[in-house]
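First up is the structure itself, then whatever we jot down about it.
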Amino acid sequence: MQHLLRLIERRQYDTIYHEHFQYYTLLTLIRALRSGGLEVVDVEETRHPRWLHRAFARPVEVAGPASEAVRRVLAEERAAGLDTVAGHAGFAHAVLQIKRDLLGFLIEASREGRRRRLRSSG
């Protein structure tokens, strides 16, 4: 899964599109799997550019305690406020600020007459 915490931290709004319509926190994944009788027992963060997590789950009856990695990721998500609506709302504000900054730059560059020609590759 693409970890929502990393997406928000890195402002990776440009990775959100119709083919990837679900972005989970570990907390959300735990809740979803519990509804199906599974318990997350471990999680592994990969070094993929989009920062994916691989979660490992077992039937609740034989799951045992969660690993230190699960506890660490859950603590990071809570520290970022992703267990609240407010924690998610901040992402929209950050993306809008990036948009404003880019538009401001483009308007200023246009006013100053700055141009950059793209080189053709052919």
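We use all heavy atoms of the structure for the numbers below, so side chains are in, but hydrogens, waters and symmetry mates are not. Just so it is clear, the structure is predicted and the values come from calculations on it, not from any experiment.
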Measure the spacing between CG of D42 and CD of E44 and express it to the nearest 0.5 Å. 7.5 Å
Identify, with sequence neighbours excluded, every residue that meets side chain to side chain contact (heavy atoms under 4.5 Å, CB included) alongside L27. T25, R31, L74, E77, R78, D83
Trace of the side-chain contact (heavy atoms from CB on, under 4.5 Å) decision for V70 with L26: CA-CA 8 Å; V70 170; L26 183 58; 4.1 Å; yes
Hydrophobic clusters here meaning ILVMFWY residues chained together by side-chain heavy-atom distances under 4.5 Å, can you tell me if L29 and F56 are in one? no
pair E39-R58: side-chain heavy atoms closer than 4.5 Å: no
Salt bridge check, E68 against R72: does any charged N sit closer than 4.0 Å to a carboxylate O? no
Could you report the tightest heavy-atom contact between V43 and S67, atom names first, then the distance? N-OG, 4.3 Å
Within the structure provided, determine whether S110 and I107 are in side-chain contact (heavy-atom separation under 4.5 Å). no
When every non-hydrogen atom of G64 is compared with those of V41, the smallest separation belongs to O-CG1, 4.4 Å
